[in-house]
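Have a look at the structure below before the remarks.
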Protein chains: 2
Amino acid sequence: MATTQPNTCVNSVDIAKNVSADDALCLENQVCFSLYSAANAMVRVYRPLLDKLDLTYPQYLVMLVLWEEQGISVKTLGDKLFLDSGTLTPLLKRLEVKGFVTRGRSEQDERVRVLALTSAGIALKTQASEIPHLMRCKVGGEASELQALKAMCDQALKKLHASID
Amino acid sequence: MATTQPNTCVNSVDIAKNVSADDALCLENQVCFSLYSAANAMVRVYRPLLDKLDLTYPQYLVMLVLWEEQGISVKTLGDKLFLDSGTLTPLLKRLEVKGFVTRGRSEQDERVRVLALTSAGIALKTQASEIPHLMRCKVGGEASELQALKAMCDQALKKLHASID
DNA sequence: TGCAAGTATATTGTGCGCAATATAGTTAAT
DNA sequence: ATTAACTATATTGCGCACAATATACTTGCA
């Protein structure tokens, strides 16, 4: 395992192991490319299932949060989903137009939007309850593998967040 | 570990293990959300590094491919990156405007674009050679962990692709 | 040869993601 | 009470992703 590049880090992100500068730029060795491609593919597989609920994947994530807890702010929602208002504001407006979500104002603090579900939004949860099962069937794989994947993604996410100072 | 939902699949995608329909819709249990968030965070961490090369992350991926092999078609590029012409055509035009890439035509088949690098595009590889190292330092973590993450993403990608019939 | 079927790329439209910026409302310190 | 600093949301602009569609070119078959 030759290393032709001085390397003050013992570890690697975009290479499978310590390799030459050239091998490090090889697509095959890029961890991040695998992550990126898997995430894209995942959204693609969700799409036909979510089409039936008239939701996109990011909209589905918002609904997951609101099915758990209503009356939260855009900020709180963004903290949970790691998304900002530039993404969420237009997305929430689309959910409002579809009649799934209401965007009220806090009486205590006029700046904050209070997000809630309409009855249609609440009702959607019943249809959505099939989705995890359908995804399971579509993709298969051992539960332990998926748990491991989730654990590694969560760990990577933690480090990536930390590296944004 | 009670299962309140009949389940013909032994495995799970969006839940950590066999759980109730309600727990399956819990954001905390969603493997795909972890994948999605980690991929977003990864692109965010790349951004300041790639800004210096005047590249976005998807543009960087295209350059990685072209640094390995020039003269390929949009189709071949798309097969390698799992992206279609709707994504690549405008992206390649932007790389052309920046002066990194040329978009010629095949003489054998007038339909196919033949992608090549300009001298500026080739020169960029030298600057890019630092990026894997810089990402490694930014994120840290054991090489074996990253290898494992890559392996699991590749496996997931394979299954996700297969599930699109 | 002519034409149907297939293929490669391009176009259009929608919805993210996110940086940068703007605006309005709140809080705290003087 | 003012005002400066802070906070929550919104807006704008750019670049993906991708479905759906269009166009141009090629190939194979009758």
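Sequence lines set the chain letters: A, B, ... in the order given, protein chains first and strands last, and positions in each chain run from 1. When reading the values below, keep in mind they use all heavy atoms of this one structure, side chains included, and skip hydrogens, waters and symmetry mates.
Each of B/Thr89 and A/Leu83 lies near DNA chain C, and the nucleotide nearest B/Thr89 is the one positioned closer to the 5' end. Taking for each of B/Val43 and B/Pro90 the nucleotide of DNA chain C with the nearest heavy atom, the 5'-most of the two is the partner of B/Pro90.
The separation between B/Gln59 atom CD and D/dC14 atom C1' is 11 Å, rounded to whole Å. Computed from coordinates, the A/Arg44 CZ to D/dC16 P distance equals 16 Å when rounded to whole Å. In this structure, CZ of B/Arg113 is placed 13 Å from C1' of C/dT11, rounded to the nearest angstrom. Taking atom CZ on A/Arg47 and atom C1' on D/dA19, their separation rounds to 7 Å, with Å as the unit. The separation between B/Lys93 atom NZ and C/dA10 atom C1' is 7 Å, rounded to whole Å. Taking atom CG of B/Asp79 as the reference point, atom P of C/dT7 lies 13 Å away to the nearest angstrom. Whole-Å rounding puts the A/Asn40 CG to D/dA19 P distance at 11 Å. Nucleotide C/dG17 holds its C1' atom 13 Å from the CE atom of B/Met42, rounded to whole Å.
Using a 4.0 Å heavy-atom cutoff across all strands shown, B/Thr56 reaches sugar-phosphate atoms only and no base atom. Among the atoms of the strands shown, only primed sugar atoms or phosphate atoms (P, OP1, OP2) are found under 4.0 Å from some heavy atom of B/Asp109. Within the 4.0 angstrom heavy-atom criterion, only backbone atoms of the sugar-phosphate kind lie near A/Leu91; the bases stay farther away.
For B/Ser73, counting side-chain heavy atoms from C-beta on, the closest listed nucleotide (D/dC16, D/dT9, C/dT9) is C/dT9. Checked against D/dA17, C/dT9, D/dA10, the side chain of A/Val74 finds its nearest nucleotide in D/dA10.
Under a 4.5 Å side-chain heavy-atom criterion applied to ILVMFWY residues, the cluster that includes A/Val114 comprises A/Val112 as well.
A donor-acceptor contact shorter than 3.5 Å links the side chain of B/Thr56 to the backbone of B/Gln59. For B/Ser37 (side chain) and B/Ser34 (main-chain N/O), no donor-acceptor pair under 3.5 Å exists by modelled atom type. A donor-acceptor pair is defined here as one N or O able to donate and one able to accept, closer than 3.5 Å; no such pair exists between the side chain of A/Glu96 and the backbone of A/Val101.
The closest side-chain heavy-atom distance from A/Met63 to A/Leu117 is below 4.5 Å.
At a threshold of 4.0 Å, the pair B/Asp79-B/Lys75 counts as salt-bridged, since one of the basic side-chain nitrogens sits closer than that to a carboxylate oxygen. Under the 4.0 Å criterion applied to side-chain N and carboxylate O atoms, B/Glu145 and A/Lys159 are assigned as salt-bridge partners. In summary, A/Glu68 and A/Lys80 do not engage in a salt bridge, as defined by a charged side-chain N under 4.0 Å from a carboxylate O.
If you check residues 94-107 of chain A against DNA chain D, the residues with a heavy atom closer than 4.0 Å are A/Arg103, listed by number.
With hydrogens and angles ignored, a donor-acceptor pair under 3.5 angstrom links the side chain of A/Arg111 to the base of D/dT7. You won't find any donor-acceptor pair under 3.5 Å spanning the side chain of B/Ser85 and the base of C/dA8, going by distance alone.
In this model, the phosphate group of C/dG17 is not approached by any side-chain N or O of A/Thr87 to a distance below 4.0 Å at OP1 or OP2.
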